[in-house]
Amino acid sequence: MTKQSSKRARIQLAMIALLFFGPLVVAAFLYYGGYFTSMQARSNHGTLLRPTVALAAELPNNDTLGGAEGKWLLVAMIDGPCGEACESELYTSRQSREMLGRERDRVTRVLLHGADAPDTVFLDQEHSDLITTVDGGLGDALKNNSPTTPAGHGYFLIDPLGNLVMHFESDLEPSKMVEDIEHLLRLSRIG
């Protein structure tokens, strides 16, 4: 074997090794360099509550929730009559659920209200899939675990096991809320 052919053979071997090991080196660099971690941190539009808070004891019974057992709950709360802000929140939660497409049946919208029931005519016309129930202690648990001030505003996502998982701000766009909910539904094998 001549020097020239020996040199060519080494170059070819190096190219084959680079072709095989190059992508592995690049992938390891990206993974351990934190590139994917920083992308994950930016993907949440809501606040992921860590650790999750068990609320099974505070949840209304299955009869009150209209058979929503085994489903994710997207909960909003009001203290008084359903005014303009409340109507906007209900609209956002409805749009978010609809944008889930075929996954929307895994999520049930719930409105917790005080002693005064909201306008049932409005709710029947605009939000027929909404479950309304008197706040029997769940609201206090949500307020105590709310990451925002004033406590209790926005939307709370509860998993089918009764764990408070996520909180969304009131003014969040439905599409951003849907991104987070879809991500959780994809990762979840429950509900």
Side-chain angles (χ1 to χ4, degrees), residues 1-56 59 68-76 88-110 129 141-149 151-191:
M1 196 181 220
T2 66
K3 283 185 171 181
Q4 189 71 352
S5 62
S6 176
K7 186 176 180 181
R8 243 185 304 173
R10 280 191 217 129
I11 291 174
Q12 286 176 344
L13 183 61
M15 294 298 280
I16 290 171
L18 183 62
L19 185 65
F20 179 75
F21 290 111
L24 294 175
V25 170
V26 170
F29 174 75
L30 292 174
Y31 181 76
Y32 291 112
Y35 177 75
F36 294 111
T37 307
S38 63
M39 285 179 59
Q40 280 181 329
R42 289 185 302 220
S43 67
N44 289 349
H45 301 289
T47 304
L48 186 61
L49 302 174
R50 292 185 188 183
T52 58
V53 180
L55 296 175
L59 286 175
E69 185 176 344
K71 294 189 178 186
W72 291 76
L73 303 177
L74 185 59
V75 181
S88 175
E89 283 187 14
L90 292 178
Y91 173 78
T92 298
S93 70
R94 181 183 67 202
Q95 293 305 100
S96 298
R97 183 176 177 272
E98 288 301 314
M99 290 170 70
L100 288 171
R102 62 188 173 116
E103 298 290 335
R104 76 173 161 259
D105 292 335
R106 294 177 66 187
V107 178
T108 299
R109 297 184 314 130
V110 177
D129 66 327
L142 294 176
K143 286 178 186 176
N144 291 338
N145 293 289
S146 177
T148 61
T149 304
H153 289 279
Y155 312 93
F156 296 89
L157 188 64
I158 301 173
D159 74 11
L161 301 176
N163 298 310
L164 178 59
V165 177
M166 210 164 203
H167 176 266
F168 301 99
E169 295 289 335
S170 301
D171 58 353
L172 188 66
E173 294 177 31
S175 61
K176 292 183 178 179
M177 188 184 311
V178 168
E179 285 179 32
D180 288 352
I181 295 173
E182 281 179 334
H183 185 74
L184 285 171
L185 292 177
R186 256 193 319 273
L187 295 175
S188 172
R189 299 195 186 275
I190 56 175

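- The closest side-chain heavy-atom distance from Glu179 to His183 is not below 4.5 Å.
- Just one of Ile181, Asp159, Leu73 meets the side chain to side chain contact (heavy atoms under 4.5 Å, CB included) condition when paired with Val165; it is Asp159.
- In this structure, the side chains of Leu74 and Met177 come closer than 4.5 Å at one or more pairs of heavy atoms.
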Between Ser96 and Phe168, is a side-chain contact (heavy atoms from CB on, under 4.5 Å) present by the stated rule, with each step listed? CA-CA 12 Å; Ser96 298; Phe168 301 99; over 6 Å; no
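- Put simply, CG on Asn163 and CG on Leu157 are 11.0 Å apart, with the number rounded to the nearest 0.5 Å.
- Taking CG of Leu161 as the start and CD1 of Ile158 as the end, the distance is 12.0 Å to the nearest 0.5 Å.
- In this structure, OG1 on Thr92 lies 9.5 Å from CD on Glu173, to the nearest 0.5 angstrom.
- A side chain to side chain donor-acceptor pair (under 3.5 Å) with Ser6 holds for exactly one of Arg10, Arg8, Lys3; it is Arg10.
- The distance from the NE2 atom of His45 to the OG atom of Ser175 is 7.5 Å, given to the nearest 0.5 Å.
- In terms of modelled atom types and a separation under 3.5 Å, the side chain of Tyr155 and the main chain of Glu89 share a donor-acceptor contact.
- In this structure, Leu185 CG and Glu103 CD are separated by 5.5 Å, a value rounded to the nearest 0.5 Å.
- The main-chain N or O of Leu90 is found under 3.5 Å from a side-chain atom of Arg109 such that the two form a donor-acceptor pair.
- Panel note: side chain Arg104, backbone Arg97; no donor-acceptor pair is recorded below 3.5 Å.
- Nearest heavy-atom pair, Ser170 versus Gly154, reported as atom, atom and distance to 0.1 Å: OG-N, 3.1 Å.
- Taking each heavy atom of Met99 and Pro174 in turn, the nearest pair found is SD-CB, 3.9 Å.
- Met166 CE to Arg50 CZ: the interatomic distance, rounded to the nearest 0.5 Å, is 9.0 Å.
- Between the side chain of Asp180 and the backbone N or O of Gly46 there is at least one donor-acceptor pair closer than 3.5 Å.
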